[in-house]
Each structure stands twice: as C-alpha cells, then as structure tokens.
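Everything below concerns the one structure shown next.
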Protein chains: 2
Amino acid sequence: MVKKQLIMEKSLELFAEQGFEATSVQQITKRCGISKGAFYLSFKSKEELILALIDQFMEQFLSNIDYTVRNAKNNENLLYDFYYISFASFNKYSNFAKIFMKEQAHSVNNEMFTKLHYYYQLHEKAILAMVEKLYGDEVNEIKYDLVYCIKSFMRTYTELLLFSNTLPDLETLAQSLAEKTNILAKHMTIPYVTHGFVPLFTHPQNEEGTKEEIIRFIDQSLEEVEESIEKESLVLLKEELLTPTLSQALIKGLIENIRNHPQCIWTAYLLRNYYNF
Amino acid sequence: MVKKQLIMEKSLELFAEQGFEATSVQQITKRCGISKGAFYLSFKSKEELILALIDQFMEQFLSNIDYTVRNAKNNENLLYDFYYISFASFNKYSNFAKIFMKEQAHSVNNEMFTKLHYYYQLHEKAILAMVEKLYGDEVNEIKYDLVYCIKSFMRTYTELLLFSNTLPDLETLAQSLAEKTNILAKHMTIPYVTHGFVPLFTHPQNEEGTKEEIIRFIDQSLEEVEESIEKESLVLLKEELLTPTLSQALIKGLIENIRNHPQCIWTAYLLRNYYNF
DNA sequence: TTGACAAATGACCGCCTAGTCATTAGTATA
DNA sequence: TATACTAATGACTAGGCGGTCATTTGTCAA
C-alpha cells in the first residue's frame, strides 16, 4: 500500500519537527494532501502510526548493528565499525533519530513505553555481546559499566550530530569514540553499574524467536515481497524450519539473500538469532 | 506569596509524572485545591509557570556547581566534588531533574528553548572552567571533547539515578566518574569536538552581569528577603556597586552571607561572576 | 451506458484545552 | 453595622483534538 508509506514518511517529518503530541492528524493529512478519512483507512489510530514508525526504524537499526557485531571477522575494526554503522544509521534516518531522542523517556502511553524498552534492551544486549567479544574475561568486573559508557557516548554525540549544523565527520567520530572506549576498558577500575541491567521494568517474555513466531514473520514477508530470489529464499527457509535438511552454509546464504530487503529485515534478524549466526 | 509557591510545588510533581504538555491547568488547580481563576492570579499563563520553574531550579543548580568549582582549594577532590554535588542536586530536586531530562530537547516554544540553551551554555562554561583548572594546558587539544564526555556521563548516569529504582550510591558514582574522566584526560588523543562550542543557536547577548542588571536583582532580592543580616548585606553590596569602598575580603564575606538564601542565589552568582571570585 | 464496488471525502461528534470575567466570599477599617 | 476593598470562584468562550460515517468520486467489467 503506497498511501501507508506516504503517511509514514510525511508524518515522520512532522514528528521530528514538533514531537508526537504536538503533531495533529490534521497536519499530517494536510502535508500528505489526503483527507482525514483516508488516514484512518491506513491506520486505525494515531498511536498505531507511531508504533509502526518505531518498529520500522528500530528493526532496521538494530539488525544493522547486530549484523556488524556478529559478522566481524576480527576485533581490530569491530569497535570502529560499530560506532560508524550506528552513527551512519542515525544520520541516514535522522528524522526518526530526532524523534527517538526527544520522546525516549516520554512514554506517551504504555504500549509505546513497552516497545521502546524492548528495543532498548535488545540494543544493550548487542553492545554487551560486543564488549564481551572485544575484551573477553578481562573486563568482567566492569563490563556492565562499560556498556553504559558506550551508551553515554552514543547518546550525546548522536545529539551533536543531529542537532548541530556542522558537517558530520563520521570517520573521526567513530575513531574518537573507539579510542575512548578502549582506553576506558583498559584502565577503568571503579565501575558504578555492576549488577547487570536492572530492568527498569519487567518486559513480558516476548515470544519472538520461537520457530512458530519466525514462520509467522516469514509468511508476512512472503506476502509483501515481489522479487523472485527473495521469495524463493523465504520459502526454502520456511521449509527448513519445518523439516531441517540443509547445511549451515546453505541456510546462512539464504538468510543473506533476504537480509537487505526492506520487508525481510526483522525476519532475517530473527533467523540469524535462531541459527546463532 | 504563599500560593505561588504552592502552585510551583504541586505542578512540579505533575510535570515530572506527565510532562508539560500532558499536564493541564485543571489538574494543577485540582491538586492545589484552588480554583482556576486563582491560578491565573499567580501566573499569567501556563507558560510563565514553566519558565519560572526552570529559572528556580537552574539558578540553584548552576550556582551550586559554580561555587564548588570556584572555591575548590586544590585539584585533588575537585572532580569528585563536582560530580557529587551535581548528582546530589539532581537527586534532591529529582522532580525537576526528571522534567529536565524529558523536555530538554523538546522546546515547547521559543522562549523555553532560549532559556534552556542559555543555562545549558552556562553549564558548559562551568565544566570547561573546571577542566582547565584541573588539567591546565596539557589538555588544550582535547579539552572541548572532554567537556562533552563529562556531559555524556552526567546525562546517562543521572537518568540511571532518577529512573531506576535502585538505591543511589552517590559516593561510588562520583568516584567512578571522576576516575573515568581522569583516565580520558590522560590518554585520549583523538578528539571529535575540537572547535569549541558551536552555539547551536546564537543567544542574544544577555545583559546579565552588567552593574545595572545586578542592582536590579539586588532590589528584587531585597523585596523578598525578611532576614536582617541578608537584608543588610544586600544593601551594603548595592552601595558598594554604586561607589566602591570596601576591600575584596569584605565583599566576598557579604556575598557569602546571602549565597544560601533562596531568594538570593542568582544575585550571589552574578556578584561572584562580577567580582571574579 | 449502466451498474457494482472500492476509494476517498470532509462535515460532524464529543471531549478537552487555555484562558476570561461577572459574581461572590472574606476581611479590615470607619 | 456599614463600607470598601481584595481574594477567590467556576461557568463560560473559542478553538483544537482524535475519531466516525453518510456521502461522493473514481474505476472497473458487462
């Protein structure tokens, strides 16, 4: 549905400028050049639109990071790549990133709060995985605190990137933060965050990740995808889930086929998790 | 005026829970147990109330930090004290701090935006002054970036402090961040922020700090203060501004007399700046 | 050209908002 | 007690909000 995409694009602009609450459905429909009724044909409420935007961006963003961390051949460039890909994502989807910065703690309502915290924890998990991969057992005492430092850097420097008018220099930024992180990992002795992530709020155990859930995502992707290779890959992956026959390499290749297709990003992410690639 | 204070207290609670926009004047008056009309006798609009709250807290907070940095006898505990006093302030005025975290980038309107950025820059200036005092010329290349790192830490760990339910351990927190800062100052070689603070937005040169402006603040404080010592100190300071006669030590003592009085905090801050204490 | 169906419209609803102002209550002085 | 004045009230206005739905428009096949 083209209209749905149009609404998401235009509303993103408005939300980035004004925030969620301050942007009315009227403004959105006006910018789209459609009527109010048409809006409610695509989304059953303003809230649903917001949740859809969050999903779209966070899935993209997190799967990018996850892919980078998992597929890093060596540790040499991992930290740099992590920062680079993160800031590049924020830069590319700057409109969403701006909203994210503004509304993060706002939690307009419960469902949005739940969703954001869910993605937030996935992000922390990805960073923690990276820290463990990079520094191993040497940093066991300080690793949770280190994750927090990394998150600190990302937050503040992303803000600088998004809201200052200077031209971003992503290479230097990634280098600078990678250096800082390495320095802290090497010399820090007094951590503050020590007990892992105190979940601010207990998230109902998500069923994502089970075989059935992944198949549901594959079916959904199948409906939305046109291209034949992606379609075939999805079908094969579904069959493989039901009755395993293929080798690891073949499965990995199939996932690789769909990983960059807009409608398959989350499906690919779940599959990578499932097969532990 | 007692009512004004009541409204500020109760509205602070509501704003911290829900944010500015989501809190209506009706809710505020209900919690205060007063009528809507009574609200508009104290504040001429909801916006004026918000701006007053921002002023009250930021003046308190910044003057605390400024005092700590200026009066540090040696560099040994300065960094620790800075972090400690900052987090203690945030902890004490947690309701305001929560609002501040939530609404920072929101800029409901232009006047609030201007105000926040003004205080924001004062904060950066105070941190920069501390960095220079601590590390001198050794960190010239990286000092602006270091300021940004300090701000990063403060942001994220304040959030942890405010929104997690764990008991805060301010000593450890201040120690931990002081160590991190020292480590970075010692080892960092690749700064990202190099050109000083690119003012995101040019702030109209505030007249605060001129002799006339300070006298106006003294007059305002005089109206609100009851205690005789503070009153006398204010009168003497005003006379001194008009016709200088007293020694540095006497002036400093007079400022010290008023520095902790709620209605004189900003006046004292401006005077310290004026006399460069 | 007609009829059938889907897509799109925008007037309309109930609700809530910030802010106003004629009216009333309370209090201090003469 | 009468008068004068301030403090406080809450019904009211105008306007914006999210969301609905009877109606119109557009697009096909027959």
Side-chain angles (χ1 to χ4, degrees), chain A residues 1-55 99 102-103 106-115 223-224, chain B residues 1-55 99 102-103 106-115 223-224:
Chain A
M1 183 166 290
V2 185
K3 186 140 300 166
K4 208 162 176 170
Q5 202 51 46
L6 174 73
I7 294 173
M8 288 175 84
E9 275 170 29
K10 298 298 182 186
S11 66
L12 198 56
E13 296 171 17
L14 286 163
F15 287 145
E17 292 163 18
Q18 310 171 332
F20 289 137
E21 283 195 54
T23 304
S24 70
V25 175
Q26 317 243 29
Q27 284 177 293
I28 296 170
T29 56
K30 191 180 166 192
R31 185 165 295 197
C32 291
I34 61 171
S35 70
K36 213 166 174 190
F39 175 91
Y40 285 94
L41 289 177
S42 294
F43 296 94
K44 73 172 199 285
S45 69
K46 182 182 166 184
E47 191 188 322
E48 199 189 79
L49 164 64
I50 294 172
L51 293 174
L53 283 171
I54 293 175
D55 276 333
I99 300 176
K102 287 182 183 179
E103 308 282 343
H106 234 278
S107 62
V108 174
N109 56 67
N110 246 315
E111 199 167 344
M112 183 176 146
F113 190 73
T114 311
K115 209 178 253 307
E223 278 178 33
E224 293 162 341
Chain B
M1 182 166 291
V2 186
K3 186 140 299 166
K4 208 163 175 168
Q5 202 51 44
L6 175 74
I7 294 172
M8 288 176 85
E9 275 170 30
K10 298 298 182 187
S11 66
L12 198 55
E13 295 172 17
L14 286 162
F15 287 147
E17 292 163 17
Q18 310 172 331
F20 290 136
E21 283 195 52
T23 303
S24 70
V25 175
Q26 317 241 31
Q27 284 176 293
I28 296 170
T29 56
K30 191 180 167 191
R31 184 165 296 196
C32 292
I34 60 171
S35 70
K36 213 162 176 194
F39 175 91
Y40 285 95
L41 289 178
S42 294
F43 296 95
K44 72 172 201 284
S45 69
K46 182 182 166 184
E47 191 188 322
E48 199 189 78
L49 164 63
I50 295 173
L51 294 175
L53 283 171
I54 293 175
D55 275 333
I99 300 176
K102 288 182 182 177
E103 308 283 342
H106 234 278
S107 62
V108 174
N109 55 65
N110 246 316
E111 199 168 343
M112 182 176 147
F113 190 73
T114 312
K115 208 176 254 308
E223 280 178 32
E224 293 161 343

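Lettering of chains follows the sequences in order, A, B, ..., and the numbering in each one begins at 1.
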With sequence neighbours excluded, give me every salt bridge (charged side-chain N to carboxylate O under 4.0 Å, His left out) pair touching residues 33-46 of chain A.
-> A:K44-A:E48
Atom [atom1] of [X] to atom [atom2] of [N]: distance rounded to whole Å?
X     : N      : atom1 : atom2 : result
A:L41 : D:dT20 : CG    : C1'   : 11 Å
B:K3  : D:dT6  : NZ    : C1'   : 12 Å
B:Y40 : D:dC12 : OH    : C1'   : 14 Å
A:F20 : D:dC17 : CZ    : P     : 17 Å

Identify, with sequence neighbours excluded, every residue that meets side chain to side chain contact (heavy atoms under 4.5 Å, CB included) alongside A:S24.
-> A:Q26, A:Q27
List in chain and number order the residues that pass side chain to side chain contact (heavy atoms under 4.5 Å, CB included) with A:E13, two or more places apart in sequence or in another chain; answer none if no residue qualifies.
-> A:K10, A:E17, A:R31, A:N95
Under 4.0 Å from any atom of DNA chain C, heavy atoms only: list the residues of residues 24-37 of chain A that qualify, in numerical order.
-> A:I34, A:S35, A:K36, A:G37
For [X], enumerate each residue passing the side chain to side chain donor-acceptor pair (under 3.5 Å) test, keeping only those at least two apart in sequence or located in another chain.
X     : result
B:T23 : B:Q18
A:K30 : none
A:E9  : none

Does D:dT20 have OP1 or OP2 sitting under 4.0 Å from an N or O in the side chain of A:K44?
-> no
One should read off an interatomic distance between A:L6 CG and A:I28 CD1, to the nearest 0.5 angstrom, of 11.0 Å
Just how far is it from atom CG of B:L49 to atom CZ of B:F15, taken to the nearest 0.5 Å?
->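 Going from CG on B:L49 over to CZ on B:F15, the span is 5.0 Å.
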Outer limits of DNA chain C sitting under 4.0 Å from a non-hydrogen atom of chain A, read 5' to 3', are C:dA8 to C:dG10
Which sits closer to the 5' end of DNA chain D, B:F39 or A:T23, going by the nucleotide each is nearest to?
-> B:F39
